[in-house]
Amino acid sequence: MAGAVPSQKAGEAFEVYGPRHLSSPSWWDLLRSSWKDPNYRRMVVACFIQGVYLLELDRQDKRDERTGLAPQWWRHFMYRLAQTLVDERDGSIYGAVLEWDRQALLAGYAPFRPAGAPAAVVALRGTLLSGATFRRDVVDDLRFLAWDSLKGSVRFAGALAALRAAARRHGARNVCVGGHSLGAGFALQVGKALAKEGIFVECHVFNPPSVSLATSLRGFAETAGEMWGRVRGWLPYVGSAAAADASGGEAAKAPTLERAGTAKWLPHLYINTNDYICCYYTDAAAGTATVTAREGGGGSSKTAAGGVGGMSSAGLARMVLVSKGPTKFLDAHGLQQWWADDVELQVALNHSKLIDRQLRSLYAPPPAAPQM
């Protein structure tokens, strides 16, 4: 799950590779609540994650705060670096906590943070196929590939602690977590872990990994169970009620997002179907509809579901798909497409099989109290 970062050339500057149609926001722009525009929100969070990639590259190339390439990727939007998330085993930077820069606001005679702008953003990078961090990155890639989980990773614990601390300090509704590739896997799982605690933070995941051995085996077992239920329904001497229970009883008991009604927490997924690492998120669950609405690359648009705070009004996953954009794998898995001004996107609202499976435990009914 390699993060397709810029090619580590001299031209990693924000002015060269950043979103060209997003000028530095003035206070008047902020008063008009640019942060309420889902396109603006998507592009800025993607830029923050790009800044984390460059933080690690700055460290490897021994660039300081004055000469580093990373700071411009958040300062442009009036944020500051509050904390770096460091893997103590190799000293690599895998994430950062960015906070709204009050001093920058005061310098522009702005008295308060505009509506919709998160007070803190936890940004997590993906795999870097270079430098000393390569080994630790690939170990976590293999961990996810084998177990469909990153909970055993040191980085999972660090990201979870940082996100929990930010939520306690600023309030969950004022905090956002975002990641790309492997970092998207971390963001999704730490966000779910907090959701289990009743702390719902906004979550944006770009090209999240969808391929793992555990998921494949689980999907095979579910398919085999459905087929066996149908076979039992055809067998003689099996009552219709028993057959119906065999084919649908277990499925009826399983908590799904559709049966949950209104979901309390659902992430925002950004998927390019030409990226085989994340494309399986687009498989819709059986019996659910998919609604698409066109969303421009740089302009504003209406969203049918999903708002600030990661809440969904209809229990549907808000998934942004590339309808016209990069088709080659490395570009399709890249982060730059999510702030490009020439990409065409669609908002797909559906019950993803994979999301349903991953978030099922959030909507499971509490165990019944033992009868005395």
Side-chain angles (χ1 to χ4, degrees), residues 25 27 29-38 40-52 55 70-71 73-86 93-125 155-180 183-184 186-206 263-268 303 306-312 318 362:
W27 176 239
D29 293 329
L30 294 174
L31 279 178
R32 291 185 296 173
S33 299
S34 296
W35 275 98
K36 290 186 177 180
D37 178 2
Y40 182 87
R41 207 172 189 88
R42 161 179 50 82
M43 288 184 283
V44 175
V45 174
C47 286
F48 289 168
I49 299 168
Q50 178 68 11
V52 177
L55 265 178
W73 287 84
W74 54 76
R75 287 177 182 169
H76 184 86
F77 305 103
M78 298 187 181
Y79 278 76
R80 67 178 184 87
L81 179 62
Q83 178 187 356
T84 55
L85 304 183
V86 179
I93 299 172
Y94 63 90
V97 180
L98 304 173
E99 294 183 347
W100 186 261
D101 193 344
R102 296 181 180 178
Q103 293 184 352
L105 280 179
L106 294 176
Y109 304 100
F112 51 82
R113 177 167 49 92
V121 178
V122 178
L124 305 169
R125 67 166 176 85
R155 297 178 179 183
F156 176 90
L160 180 60
L163 186 61
R164 183 184 289 116
R168 288 175 178 173
R169 179 177 179 182
H170 302 284
R173 295 186 62 86
N174 297 314
V175 174
C176 170
V177 61
H180 172 249
F186 278 113
L188 193 61
Q189 294 190 16
V190 298
K192 175 184 174 182
L194 281 191
K196 286 185 174 182
E197 301 175 11
I199 304 173
F200 306 109
V201 300
E202 183 178 352
C203 182
H204 295 265
V205 290
F206 301 86
K264 295 180 180 180
W265 180 81
L266 280 175
H268 301 252
T303 57
V308 175
M311 304 300 177
S312 174
R318 182 178 187 274
L362 289 179

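Keep in mind that what you see is a predicted model, and the values were worked out from it rather than measured. Excluded from the calculations below are hydrogen atoms, water molecules and symmetry mates; all remaining heavy atoms, backbone and side chain alike, are included.
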With a 4.5 Å heavy-atom cut-off, do [X] and [Y] have their side chains touching?
X: Arg164; Y: Glu197; answer: yes
X: Val52; Y: Leu124; answer: no
X: Val190; Y: Val122; answer: no
X: Leu266; Y: Arg318; answer: no

Under 3.5 Å, side chain of [X] to main-chain N/O of [Y], donor-acceptor pair present?
X: Arg125; Y: Ile93; result: yes
X: Arg41; Y: Gly116; result: yes
X: Trp35; Y: Tyr40; result: no

For the [atom1] atom of [X] and the [atom2] atom of [Y], what is their distance to the nearest 0.5 Å?
X: Leu188; Y: His204; atom1: CG; atom2: NE2; answer: 12.5 Å
X: Met78; Y: Leu98; atom1: CE; atom2: CG; answer: 15.5 Å
X: Tyr79; Y: Trp74; atom1: OH; atom2: CH2; answer: 13.5 Å
X: Leu55; Y: Thr84; atom1: CG; atom2: OG1; answer: 7.5 Å
X: Cys203; Y: Gln189; atom1: SG; atom2: CD; answer: 10.5 Å
X: Arg42; Y: Asp37; atom1: CZ; atom2: CG; answer: 8.5 Å

Looking at [X] and [Y], what are the two nearest heavy atoms and their distance?
X: Phe200; Y: Ala195; answer: CE2-O, 3.7 Å
X: Ile49; Y: Gly178; answer: CD1-C, 3.7 Å
X: Phe156; Y: Ala193; answer: CZ-CB, 4.3 Å
X: Gly158; Y: Tyr94; answer: CA-OH, 3.4 Å
X: Ala96; Y: Leu81; answer: CB-CD1, 3.7 Å
X: Ala70; Y: Gly51; answer: CB-O, 3.3 Å

(message) Using ring centroids (six-membered ring only for Trp), state whether Trp73 and Phe48 fall under 6.0 Å.
(response)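 That pair fails the under 6.0 Å test.
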